[in-house]
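Just so we're on the same page: letters track the sequence lines, and every chain starts at 1.
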Amino acid sequence: MRLGVCYYPEHWPAERWPLDAKLMREAGLSLVRLGEFAWAQMEPAEGQFDWGWLDQAIEILAAEGLQIVLGTPTAAPPAWLSKAYPDILPVDAQGRVRRFGSRRHYCVNSPTYRRHTERIVTAIAERYVRHTAVIGWQIDNEFGCHDTARCYCHNCASAFRRWLQARYNTLDALNEAWGTAFWSQLYSDWEEIDPPILTVAQPNPIHVLDYYRFSSDSYVAYQQLQIDILKSQITNLQHPTSNTQNPFITTNFLGNFADLDYHDLAGALDFVSWDSYPTGYAEVVARDLYEAKVVVKSQPQLAYDVGDPYVTGFCHDLTRGLKQAPFWVMEQQCGHINWSVFNRGVNPGAVRLWTWHALASGADAVVFFRWRAALLGYEQLHSGLLRHDGSPGVGYADLLNMQAERKLMEQVSAHPVKPQIALLLDYHDLWATQLQPHHRDFSYYRHLFVFYRALQQLGLGTDIVPPTADLGHYKMVIAPTAFLGSDKLAATLTDFAAGGGVVLLGVRSGFKTPTNRVTDQPLPGVFRHLVGATVTEWQSLPPGVSFDLASEIPNLGGLAETWVEALGGPAEPLARYASGPFTSHAALTENGIGDGRALYLGWYPTVEQAAAIIQYLTARAGIPRPADDIPPGVVVAQRGPHSIVLNFTNDTITTTIQGQSVTVAPRDAQVVLA
Amino acid sequence: MRLGVCYYPEHWPAERWPLDAKLMREAGLSLVRLGEFAWAQMEPAEGQFDWGWLDQAIEILAAEGLQIVLGTPTAAPPAWLSKAYPDILPVDAQGRVRRFGSRRHYCVNSPTYRRHTERIVTAIAERYVRHTAVIGWQIDNEFGCHDTARCYCHNCASAFRRWLQARYNTLDALNEAWGTAFWSQLYSDWEEIDPPILTVAQPNPIHVLDYYRFSSDSYVAYQQLQIDILKSQITNLQHPTSNTQNPFITTNFLGNFADLDYHDLAGALDFVSWDSYPTGYAEVVARDLYEAKVVVKSQPQLAYDVGDPYVTGFCHDLTRGLKQAPFWVMEQQCGHINWSVFNRGVNPGAVRLWTWHALASGADAVVFFRWRAALLGYEQLHSGLLRHDGSPGVGYADLLNMQAERKLMEQVSAHPVKPQIALLLDYHDLWATQLQPHHRDFSYYRHLFVFYRALQQLGLGTDIVPPTADLGHYKMVIAPTAFLGSDKLAATLTDFAAGGGVVLLGVRSGFKTPTNRVTDQPLPGVFRHLVGATVTEWQSLPPGVSFDLASEIPNLGGLAETWVEALGGPAEPLARYASGPFTSHAALTENGIGDGRALYLGWYPTVEQAAAIIQYLTARAGIPRPADDIPPGVVVAQRGPHSIVLNFTNDTITTTIQGQSVTVAPRDAQVVLA
Amino acid sequence: MRLGVCYYPEHWPAERWPLDAKLMREAGLSLVRLGEFAWAQMEPAEGQFDWGWLDQAIEILAAEGLQIVLGTPTAAPPAWLSKAYPDILPVDAQGRVRRFGSRRHYCVNSPTYRRHTERIVTAIAERYVRHTAVIGWQIDNEFGCHDTARCYCHNCASAFRRWLQARYNTLDALNEAWGTAFWSQLYSDWEEIDPPILTVAQPNPIHVLDYYRFSSDSYVAYQQLQIDILKSQITNLQHPTSNTQNPFITTNFLGNFADLDYHDLAGALDFVSWDSYPTGYAEVVARDLYEAKVVVKSQPQLAYDVGDPYVTGFCHDLTRGLKQAPFWVMEQQCGHINWSVFNRGVNPGAVRLWTWHALASGADAVVFFRWRAALLGYEQLHSGLLRHDGSPGVGYADLLNMQAERKLMEQVSAHPVKPQIALLLDYHDLWATQLQPHHRDFSYYRHLFVFYRALQQLGLGTDIVPPTADLGHYKMVIAPTAFLGSDKLAATLTDFAAGGGVVLLGVRSGFKTPTNRVTDQPLPGVFRHLVGATVTEWQSLPPGVSFDLASEIPNLGGLAETWVEALGGPAEPLARYASGPFTSHAALTENGIGDGRALYLGWYPTVEQAAAIIQYLTARAGIPRPADDIPPGVVVAQRGPHSIVLNFTNDTITTTIQGQSVTVAPRDAQVVLA
């Protein structure tokens, strides 16, 4: 478990650098991320490079024993580049060219930009790839941020057509797949196909889903362009350095970001990392995960300055699940931020709590953002470990306090995070439901998050994994909405169940084919043999309309809201509707498959309902619950045999870990060693 | 009373068509609407037609005895057309070209588009106008939908100038009419006049009203282009077919749509039709009819899946009033929809209730939308009579249940709907108040709807008619806001009153001239002699401010809110203000005119106040009320001597029809024969 | 104290003008504003002038003894100009060209528009500057209204670059000042710099602040262009006329408008004026001054038709403070308006109350808007002193009632308004906090308005003045947020305190340098020696989080919300935090400086807290409070020795003026002579 910091020497006079480096080392930091927004400093004019300042900065840091993660600077092309080559600028969904003046003002499908990317990445790689202090590389920065995942420029239009030709081969195949028979949309020439913007009414959702897929693939290809350059330099290393291993390649993700297929992006990286801003996510991102009516209620029990632990934990677990492997936090909030709604203050202890949360979730390194609050630029009001005037800030004090715990951290981080339950996440299902939510409040992520919160409430760890993941070491798999049901996934889940696993499928699963057409089979389409049940009716319910539920599963009852499906056999009903038009129809079914079983849950559950079902299933499946009576706002995580209890509330709490009562102070983290 | 269905053979393999046709017939359907979105299939490339598939589909349907309403496919020009002739694309109010990828991506003022329209309409007419199964034609589809009534392209700019030259002859006349003396807007060249968009501050409302008029006229002309082609073919029919009458021409309207002058559009059609989606209208359109604060309250008593009966009924009555003649429902919701907010589920009985509501309102035919839920396109999540997998849906079951009632339906529909009360609707008044509501919550439609709901509550049928309608067979005429008061309307209403009729005029009537200038006469301008009263003061009232009312009319009292006018004689006061700055001034006056009388209502009433006034007036005028004690959520309609009671609530209700107590089950329709 | 009216002879037949002029005189009016929207009438085609109608109108008005304020008509260029020279049109922040059809459709940086401005201003000046009836000039109209203060056209881009070159001389200096090291934004060519729009993420706030400054400077220069022309004509006057003084030059401001630096604009004018619309400001503008949660609560005690007296008074006092001199109300609402949300009615007495409020606040003249309600144009539904039909409206009646008070008005207006307290207003601080509010609800104006309301509640008059004002005659200066702390202001305030004054500085003061970089010194930066305290920590607090306060100052306590700063010595603490992370840290400090003292207030106060502090300070500083027990909704103002009590409530109130009890009827104004 290593700690580091993001540093921008280009913002400060060189005279200051040695002091900064010394202070970093003294604070227990061993990693520094550098350079990801310094293209203009590296290449002040086209083809003219200036490495002196960066050489110097690296030497000074290395002299203090700090290791460097170097960023390729492509997230912020310089002014001279934007002015000379306006063709690199992206176009937004309103058809407007987005301009220079902030960052991410480029289109990954611009041949011009790809050419300039090759030059700068090659140059920086050639210069630093063999530097002993440079242990790894971050490619670009936060792909897709600021609504840049999808561009609508003419380069994208051309690239989209090529992508479609590669995917469908013929226009006949595309017309069939897209269902262009609808609304007279048959294409007779590839050039007729445009990005789906500024249409008069709603565009064809199959067209749009393919544009989302194309856009994600475009970023994957752009990332690969950089990886290939870096890899070729790494491969060319003639004289192995003191590095026992080659420099790694990663990039920084954004937790529950939804616009790119993170599984695809993660595939080509050595490991993944993400940028964790708990208070910002609690103020802004939580809206995408909690039901609108829940957001307000969920906060009061929490300390105001620590963020929402379920949101933060969800992002940690999702990031770890991308490769089912340890990850880094490449940017860790260490004081107040500046890009949210209230940018609330942060008190002593919060940074330590977040660091332990990352560690408990499987992080191998935590890199704080940023070293010192900037005097200039958009992030002026963002804090750093040091304040604007250079004095230590609230995060720096926490860092010093953590020094005594470093051994304990090592002890815990020696073990992997290995949960027995997997939650399936598929970005294509997410996009397809986003395009057709049908009910205003139906969201793929919110639905997934209901199950996540239920698991957290029960103290059950989970990996959030792609449908292609090896399910071998799980005992239970939950797929809240496997919307675009594929034969492959049906087979995977059937095999998993047959091998003794428990599969829980949620509403709207199998409604569509992978192409995004509706299945013409009885629902849940490809999954109906797996679950041994069919959806005989379904309804979207407006707010205020709900049906009673009846079940013999302990604590399972209450109301079904938002989305309901009536189920038919032959699977055994575990719950039934007790009022409304579906009265006496099954609402939850269980089907035995080999040594395991598959359940279909026919309504959009509450956290309490989901917890009741999961508790019932884990008890029968012999999945242990290491913790009991976890109060709201408290997270219990497992890393190997050890438990970590994280108290995000203002109160001293008591919980039961492995049968033993544990008391934790407000805003404190405590390790229960096995 | 005939039932039919919208069918899209182009979405399904031809092998399926015979089965579909057979199932249609068996379900009691006799009409099929076809072809309105199949231009790309009819003409796959410019000038190359493919009629084979349509020939075959028509033959298969006709073989089952089904009759065809054929759509001209101009609502969805093909991709090849949009790409080759971008000049056809419309421009939105932000100045952006709207693109191919959904439907309605054309401008009616594009000479290019008119040329292509001529070709495809001529071709389809030549091919099918003499087909014995084709009994009628639908032109285009839902003119103006998706905010397409007004386009701001260069073709429109030119056409607008020509339209203005025809209307005003000289620039002097235009400058005078438009009042361009204001804010230095005098025009010295026709080319200086543009569509009113992207102005820095608010544009001249006279300019904008003329643009609305021009835009509506443009659609009327475009519709006429198609009618002329169809009519010329119909006229050329050499060998009269088995049709006892020539094929009809209609198009499908949108109920309370406000952007086009439906009276003008209706004029040239054989009859009008509309597309009825009760749950969608209740979720979305109701906001345009109910006061903001009322919307929430109005729903709970209703069953969640049947829509708002007053909204649906208003649209039925408005559509019937367009030509004061029977109409069709060209698209009738028959399950859940996909374009609204919650797209709530629909239970058994709802489709039957809607069908009876249409029948009771004067519909001659109800055509369900659609036959089978589509596997493709934007409407994938819209239901049909059959489900995606081909199994019967909730609407199909209702259809089967209605078979036993078909005779009763015939018995009822043999009689016309002939109410004795007319509500005046003038789109120009609507537009002018929309441009200058003055009070945020003042809306022409909302104001009209207050009176409509009052009439429904009293069980009194009404025609919603244009000011040019023959008022001869009415006993009472209500004009909630005759804003642009014309001498002609003043004369019409005076004659009507003189002949024994009752005229009720509401606030803001006569405020303006037909040009949209303010009158320089005492208010209510041209109507002041008719009502024998003047508005001595008026005020817009913010929320929370209200004045007491006092009247000897039974049940008339309470508060005046939103808009108040103090009235002066000589007309007799029937109500007065009892608090506030207008205290003791008249608030409602009555003026004797020949055998009848004219009243002026000086405040924006509540439904209860409007009902009290109408009850008082109808009692005196001898207008019978066939029903009494109608509970909220229950509609009582008359068709000839018969009453139809429609219960949209969840409760069994009892009401009194022609003096006789009638009990109706929840969500049931019941006919009380004379 | 003179009364006048805005008149548009170009809207009415010339036959009417003599009657209007006679009625004006009879109503006690002596001033008429003319011509500011009549360019098209003055110059019907390029270079062809028509002065006949204006000559005639002026003669008719002058014949009744009325004096003329003539407007330069540049706020509304004619259609012919916009069509022939589209280069004059402004571009909005979405990159769209804004079009002809309303007003203000021009860019001050268009060389073309400046050329046409020169021609028309020269022409009108040559024609009328020596007319004895023309006593003064209004330049253009409401600069910046309708979001026109900032334009993003190519002319502006060029002018911005020139402005930057003049400001920074070298790109190195600009790069350093702007901090373009951040996010790779270094500029290597002036042409690379664009207006800050359509950036992908948030632009550099220093870049944006400079664009705001440039835009304001552009208006100042455009105003100066007109002043120079007028002045050159005035200087050329060969034969002094009966005017005892030269004609004045002013323009009409917009109260608390925030987009232009009114101090700069005011500098070149003879005096300033503003347009006062109390009901419109209460409905719309109040949102910018009151905290969101306060707006609703603040209204009920007030009469619904009189506006919000604190908002109106704030604008009066701000306008007077621009030059610390008497001002005019160039447009005074005299009935309902048409551009707000509800455009509520206005009752007898309101216009008189507003007139007295203006007088009490230091106005030398009140010019009513407008003479007669227009039959045409966007303002059709705006009232005038006469109604549309020419009959007298509610304002005219008030005017007649005021005739008996004219002597009293003269008696009061003979004295200046000379408060002993100054509130500092700096538009650059306002812009910089607007660009980085950090907390959603933090607004410079709202913060300032808290102190203003506290002063009003205590009956203490205040000037709202620029930091450059002569502070010599004040005893106390409050600077709520001197954000961009300058050495000059620090010195000014230190001198002021040293001379015996009291300085009260609020949160976030001194956080930045004048360039808009964060200071690298301990906070409050340049002010830390003045206040003898440092901000050791600060936090933005989300809603619902608050800390207790403890103080020995009477009535000072309660909670600190929104923004808190912990303070360190050596200054004496006057209040401390009593809960939360800053517990026991100082929250308010006082530092002795020479004969006076400087306080730093470390939280965003409520009105009650601000009032407690001000009351404590004024008592110690010997600043007298002429009034006591002022009920909410009542304003007590001083002009010389006289007090004016204005009752904006619906109730008869009693208050204590100079120790004597005064009773005032609802909606009445009463003068207490010294």
message: Can you tell me how far apart CZ (B/Phe100) and OG1 (A/Thr199) are? Round to the nearest 0.5 Å.
response: 10.5 Å
message: Looking at A/Val200, is its backbone amide N or carbonyl O close enough to the side chain of B/Arg98 to form a donor-acceptor pair, meaning the two atoms are under 3.5 Å apart?
response: yes
message: Please give me the minimum heavy-atom distance between A/Pro581 and B/Tyr304, naming the atom from each residue.
response: CG-OH, 3.8 Å
task: Ignoring hydrogens and angles, state whether a donor on the side chain of B/Arg96 or A/Gln94 is under 3.5 Å from an acceptor on the partner side chain.
output: yes
query: Sub-3.5 Å donor-acceptor pair from the side chain of B/Arg387 to the main-chain atoms of A/Thr536, do we have one?
result: yes
- prompt: Is it the side chain or the backbone of B/Leu89 that comes within 4.5 Å of chain A heavy atoms, both, or neither?
  reply: neither
field: Heavy-atom proximity to chain B below 4.5 Å, by part of A/Phe442
entry: neither
task: Measure A/Ile197 against the heavy atoms of chain B and call it side chain, backbone, both or neither at under 4.5 Å.
output: both
query: Taking atom OG of A/Ser188 and atom CD of B/Glu46, what is their separation to the nearest 0.5 Å?
result: 11.0 Å
- prompt: Backbone N or O of A/Ala181 within a donor-acceptor pair of the B/Gln41 side chain at under 3.5 Å?
  reply: yes
Under 4.5 Å from any heavy atom of chain B - which part of A/Gln521: backbone
- prompt: Between the side chain of B/Ser102 and the main-chain N/O of A/Pro203, is any donor-acceptor distance below 3.5 Å?
  reply: no
message: With a 4.5 angstrom heavy-atom cut-off, is it the side chain or the backbone of A/Asp189 that approaches chain B, or both, or neither?
response: neither
- line: Pair count under 4.5 Å, heavy atoms only, with chain A: among B/His146, B/Arg103, B/His388, B/Lys83, highest is B/Arg103
field: Spacing of CG belonging to B/Asp92 relative to CG belonging to A/Leu198, to within rounding of 0.5 Å
entry: 7.5 Å
query: Got a salt bridge between B/Glu283 and A/Arg440, using NZ or NE/NH1/NH2 to carboxylate O under 4.0 Å?
result: no
Nearest non-hydrogen partners of B/Arg99 and A/Gly95, listed with the distance: NH2-CA, 4.4 Å
task: Measure from the side-chain N and O atoms of A/Gln185 to the backbone N and O of B/Gly101, and report whether any donor-acceptor pair falls under 3.5 Å.
output: yes
- prompt: Contact part of B/Glu379 toward chain A, heavy-atom cut-off under 4.5 Å: side chain, backbone, both or neither?
  reply: both
field: Per-residue contact mode, A/Thr519 against chain B (heavy atom under 4.5 angstrom)
entry: backbone
message: Taking B/Phe342's backbone N and O only, do any of them form a donor-acceptor pair with A/Ser540's side chain (distance below 3.5 Å, no angle check)?
response: yes
task: Check whether B/Tyr8 gets within reach of chain A through its side chain, its backbone, both or neither, counting any heavy atom under 4.5 Å.
output: neither
query: Can any side-chain N or O of A/Ser184 pair as donor or acceptor with the backbone N or O of B/Ala40 at less than 3.5 Å?
result: yes
- line: Of the listed B/Asn347, B/Val346, B/Asp305, B/Val97, the one with the largest count of heavy-atom pairs under 4.5 Å with chain A is B/Asn347
- request: Drop me the distance from A/Gln539's CD to B/His336's NE2, to the nearest 0.5 angstrom.
  value: 9.5 Å
query: Closest heavy-atom contact between B/Leu381 and A/Trp538?
result: CD2-CH2, 4.2 Å
message: Is there a side-chain contact between A/Phe182 and B/Glu10 in this structure, where contact means two heavy atoms from C-beta onward sitting under 4.5 Å apart?
response: no
task: Ignoring hydrogens and angles, tell me if any N or O in the side chain of B/Asn343 forms a donor-acceptor pair with the backbone of A/His438 under 3.5 Å.
output: yes
field: Pairwise distance OG1(A/Thr534) to CG(B/Asp389) - rounded to 0.5 angstrom
entry: 9.5 Å
- prompt: Non-hydrogen atoms of chain A under 4.5 Å away: do they reach the side chain of B/Val394, the backbone, both or neither?
  reply: neither
query: Closest heavy-atom contact between A/Asp520 and B/Leu375?
result: CB-CD1, 3.9 Å
- prompt: Would one find more than 12 heavy atoms of other residues, nucleotides or ligands at under 6.0 Å from atom CG of B/Asn401?
  reply: yes
- request: Side chain from CB out, backbone as N, CA, C, O: work out which of these in B/Pro77 comes under 4.5 Å of a heavy atom of chain A, or both, or neither.
  value: backbone
task: Against chain B, label A/Ile206 side chain, backbone, both or neither, depending on which of its atoms sit under 4.5 Å from a heavy atom there.
output: side chain
message: A side-chain contact here means heavy atoms from C-beta on lying under 4.5 Å apart; do B/Gln380 and A/Val518 qualify?
response: yes
